[in-house]
Amino acid sequence: CASTSTVDKDSQITQDWSVQRLYNEAHDELMHRNYTHAEKLYEILQSRFPYGSYAEQAQLDTAYAYYKDDENDKALAAIEQFQRLYPQHPNMDYALYLKALIQLNEDKSFVNKLAKQDWSDRDPKANREAYTTFAQLVEYFPQSKYAADARDKMQKLLDALGGNELSVARYYMKRGAWLAAVGRAQTVISQYQNTPNVEEALAIMVSAYEKLGEQKLSDDTKRVLAQNFPNSPYLQSPWQDHNAIPWWRYWK
Amino acid sequence: CTTAKLAQIPSYKLKIVQGNELDQNVVNSLQPGMSREQVQMLLGTPLLRDPFHANRWDYVFVVTRASHVEEEKKLTLYFDANGNLIHAEGDALTAQPQPVPTTLFTPSE
Amino acid sequence: VEPFTIKDIRVEGLQRTAPTTVFSYLPVKIGDTFNDAEGAEIIKKLYATGFFDDVRVETMGNQVLLTVVERPIISSFDVTGGKSINNNDIKKNLSNFGLGQSRVFNPATLEQALHGLQDAYHQRGKNAVKITPKVTRLERNRVALELKIDEGPTTTIKSINFSGNQQFSAHTLRNQMSLSQKSWTSWLTRDDRYSDSQLQQDLDKINNFYQDHGYLNFRIADVKVNSSEDKTAQMINISVNEGSRYRWGKVTISGDTREVPIDSLQKLVKIKQGKWYNRSKMIDIIKAIQEKMGSSGYAFCQVDVRPIPNEQTHVVDFVLNVVPDRKVYVNQINITGNNKTRDEVLRRELRQMERAPYDVSKINRSKERIQQLGYFDNAQVDVKPVAGTPDQVDLDMSVKERSTGSINVGAGWAQDDGLLLSAGISQDNLFGTGKSASLQLSRSKVNQVAALSFTDPYFTPDGVSLGYNVYYRGYNPSKSDSNSMDYKTTTIGAAMTMGVPITEYDRVNFSLGAEHLAVNLYGDYAPQRYAEFVQKYGKDNWIFKGTVGWGRNTTDSALWPTRGYIMNANIDSGLPGGDLQYYSLSHDQRWYFPVSKNFTVMLYGQLGYADGYGKTKDLPFMYAFNGGGLGSVRGYESGTLGPKYFNRYSDGSYSSDSSSYGGNYIATATAELLFPFPGIKDQHTVRLSMFADAGSVWDNKTYNYFDEKNPYGGSKTHKSSFGNEVRYSAGLAVTWLSPMGPLKFSYAYPIHKKPEDQLQRFQFQLGTTF
């Protein structure tokens, strides 16, 4: 045929398909989980019919296909291109929701489920990025059907980010780096106020100040702890790292 | 149980260094009435600022090994409402000053 | 145009982009006031979207009319004619410029992309390349884009000549360059391909070469590159101005070094006055000074170098002026890239603390310790200033996790072992907790092994490790088809292990355990060694095993060491109270020297002596040293070094192969040149090496064979001395750090081997041995 470029099988058979047929065929492949083929068909659709709602939806579906295919970088690129091309698209809330899930890049593997690794344990950068995208979704589309789940995940991410700071503070207490522990505990108090980590953060500060010989600061912090958490166990006995797992155990 | 006793075995303990290292001459050159920016220019940014004591800066320097203190120096500075230095305390002051004219500042005000 | 309030905005020429999209990018909306500045702003904003070829703003009354010409979409993009760079690579590379299927077509980016492609071809010496783009318009505002490439001939370098070079010949200077004249190896190395950027780099290399040999004011006077008419051959002429050769004078350090004593910096100036000046030595000195200052918080310390050359005496003095800048503190250390590993597993290796003075030597040591864990491919530390606080920095440590587990499930058929079923899982970083566990189960007719081991490297916060291992090993050669021997040994044991760090680099390791060894003989084909053993020590023996060892490791990484050394000294012993009492002393050293960026020399040495004591007169054979095979003298079957004998069975017949008694003494040495597999240079997975091994296992006894059949061919006695038992070999080896664990292959040529040796030129080892 005319152009000398290598024409592969797919674009041959779909030579004279209408845009509807191309879309339905690709969508079908997507639902049957053969993602690579779906991605190919969506690409043909976008190059042949780059205008109209089918092309826009195809862009979104491609991102979803890459995500399910564990190709996070490509999925993210597809979503960002969608945001650039169609900033006012009605499905933008879904796009943001998908983007946040991609950024979270939860290790969906079986081993991870086994280890019940909670989010506060792992690299906070992914959590932070996912949090900001969920926040955009909730801000621009408060009534979207994804908003509720986004808010729930945001709270979980906040707890995880706070939990991460707290676990670092616990480590520095164990190591005897009192100032570093105070620093991390202060981050929990200033940036993650409404998470369950604040109580333990205050307790760490009380104990770290004592070790630094700053009795006044320790007592003042204890007073703050008492006001906010009147029946906190840390009021009676000083902070200990009780959630460290024993040496012979490796599961959570 | 025995593993707890095992943990007491003597081993190499890391030397933990924390906080601001203070240059004695600079500490001695502190003057009451200095602004926070001036103090920060001289001593550097304090690594201990308690969220519940906005008017107080703590320059703590402590070196510990296995939780016992090998070296420690403290300097606490108090500022008034519009951020001028009014009072200082801490052993960093009483350390014998280097050959520099003594400051106006009496150590334990 | 006078400003007016906008009543209505209309857009014309839109086919693809939705009007709402255009409005969202507009700086103005209905009701705002419109003036010329706003008009210019609209044009700027709309162009920035990259969707439009042309944007025109007109006003009619209080109506704003935008007429835009949308950029077409690329519906097909093909590249033809690419040879030295294949078409797909070109397409992939250009997609970064936004040229790809279903992307917006922008002529400006096409221009930029073609320019980049041209440079790439010049790099490869294709200076006469012609790239013709063909843009065909299609309906629905689409275009088909095609790039036709005609690479043309490669311009090769016919000659590189120098003028003005008295001290060094043109040949030595050419050797410094990566470009070279056409030679018979050029078809492979392609080093005769001319490119401007490569020439620039080579000129720097020549400059460095002269500077490193004392020519302080060396200058490249002029470079002339003239090419033949058809652009296929290039003649390069470089004229240099060498100047006179200088020797080192005094190097003094000045400037404010704050609390770092000046003489501690002066000690870093390791040059001998009178020797020829050498610039790279000076660069190393400056780096050392900056590192010393950086270790007391002066992260941004600068050193200004002022040479004071003396034209007559050709001696150059230097004044190094230290500018400390401010003392810096570390605010936060952020660890990223650890998807599976817990934050604490990394943080506990760091020597640099948060809220503490910045210390570059501690940061470097932290990176080393992370790499010594063996769970990460590489660890990178970036220093990021904290916004708003000039004297604080954050450290971003990014790591790349590697799979640390090696799962080996094997089913094989070994010639005398029969069907071998084995399954083993070992995981160094179990669920990201940094703890390591391994379970090995293997069953064959001859061998049954069940071994479980577990270690927590941080039983205490300071790195005291605690672990245990439990094992059952059954060995029953009577079931083997080839040389079956009528005996069976079963060992069952358990031990606690502990490791205590005594300095930053040294550890002392203990282990205490008990083992039960049962040796059963039956039938008349039991080897005489076992018969003697049972007759002397009985069938069942309890052994209380105790080991104490000292280890020091200063290498820079566990998986890919390039410098530093590892030293161990161990005492294994069967303690009093057990049935078998023995002791075994061993010491080994392993040194790594970086020879170049990719080449590393490794030297290894091992010495050992073992003997029985108390109840056990001489050393039971299973605790003797044996040599040969991987990790010892390659090219010889494992365990065959040392005095040999034929098994004499009770019915007087002899075994077909000789076996070795092993020995009380062992001494081995290896020299190895390690380098990455050509082609896979960047990531550290495959390492090649050329090696020379030497080793001996002996027991100083003299064996009299009289008329017995003996492996030494007729000679009546054999003195097992170091000299008689030493063996040499040389060869090539490959180590592949595969996701399934390390795989080692080696081909060794034994050097002046003896007739009684059992050779095994090709040897390999899968996964870690248990």
Side-chain angles (χ1 to χ4, degrees), chain A residues 3-7 11 42-52 55-56 58-59 81 84-89 105 107 111-112 114-117 120-126 164 167-168 170-172 174-184 187 244-252, chain C residues 15-18 20-21 23-25 49-51 72-80 101-104 136 140-142 144 146 330-344 347-348 353-356 427 430-435 437 454 456 458-462 466-468:
Chain A
S3 77
T4 58
S5 71
T6 56
V7 180
S11 45
Y42 280 123
E43 203 186 311
I44 293 173
L45 183 148
Q46 282 191 306
S47 68
R48 236 180 240 140
F49 308 96
Y51 307 125
E56 293 160 13
Q59 179 69 26
Q81 193 179 352
R84 238 193 0 268
L85 289 175
Y86 319 110
Q88 301 303 322
H89 196 281
N105 93 36
D107 186 345
V111 168
N112 210 309
L114 192 67
K116 289 206 299 311
Q117 194 191 29
S120 78
D121 251 352
R122 32 167 257 172
D123 169 6
K125 188 152 80 65
N164 182 278
S167 65
V168 174
R170 280 193 207 110
Y171 165 71
Y172 280 125
K174 191 159 57 170
R175 189 50 125 170
W178 319 116
L179 221 51
V182 165
R184 286 283 175 163
T187 318
I245 49 177
W247 71 276
W248 40 267
R249 206 162 72 132
Y250 45 84
W251 58 94
K252 244 305 192 238
Chain C
Q15 269 181 334
R16 168 180 157 68
T17 338
T20 47
T21 312
F23 290 133
S24 73
Y25 283 108
T49 62
F51 299 159
I73 294 293
I74 304 171
S75 93
S76 73
F77 174 42
D78 294 316
V79 177
T80 55
Q101 210 164 3
S102 71
R103 304 292 287 274
V104 172
T136 36
R140 293 202 291 278
N141 196 2
R142 291 174 304 126
E146 205 194 328
V330 170
N331 170 38
Q332 274 202 334
I333 302 175
N334 307 314
I335 296 178
T336 59
N338 52 328
N339 285 335
K340 189 165 72 77
T341 314
R342 294 176 55 174
D343 180 277
E344 182 183 348
R347 205 170 285 273
R348 64 189 180 192
M353 292 295 148
E354 286 182 357
R355 304 254 159 160
Q427 171 63 281
L430 212 51
F431 302 131
T433 59
K435 301 179 180 178
F454 176 85
D456 174 10
Y458 273 81
F459 167 60
T460 74
D462 292 297
L466 192 64
Y468 59 81

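Residue numbers start from 1 in every chain, and the chains themselves are labelled A, B, ... in the order their sequence lines are given, proteins ahead of strands.
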Distance from C:N338 atom CG to A:K125 atom NZ, nearest 0.5 Å?
-> 11.0 Å

If you round to the nearest 0.5 Å, how far is OG of C:S24 from OH of A:Y86?
-> 13.5 Å

So what's closer than 4.5 Å to chain A heavy atoms on C:Y25: side chain, backbone, both or neither?
-> side chain

Heavy-atom distances under 4.5 Å only: say whether C:N331 touches chain A with side chain, backbone, both or neither.
-> neither

If we ignore angles and hydrogens, is there a donor and acceptor under 3.5 Å between the side chains of A:Y172 and C:R347?
-> yes

Bottom line for A:Q59: the part with an atom under 4.5 Å from chain C's heavy atoms is neither

Given a strict heavy-atom distance threshold of 4.5 Å, which part of A:K174 is in contact with chain C: side chain, backbone, both, or neither?
-> both

Considering all heavy atoms of both residues, which atom of [X] and which atom of [Y] are nearest to each other, and what is their separation?
X: C:P461; Y: A:R175; answer: O-NH1, 3.4 Å
X: A:R184; Y: C:I333; answer: NH2-O, 3.1 Å
X: C:Q332; Y: A:T187; answer: NE2-OG1, 3.9 Å

Can A:R170 and C:E344 be counted as an ion pair, charged N to O under 4.0 angstrom?
-> no

Heaviest contributor of heavy-atom pairs below 4.5 Å to chain A, chosen from C:G337, C:S76, C:A144, is C:G337

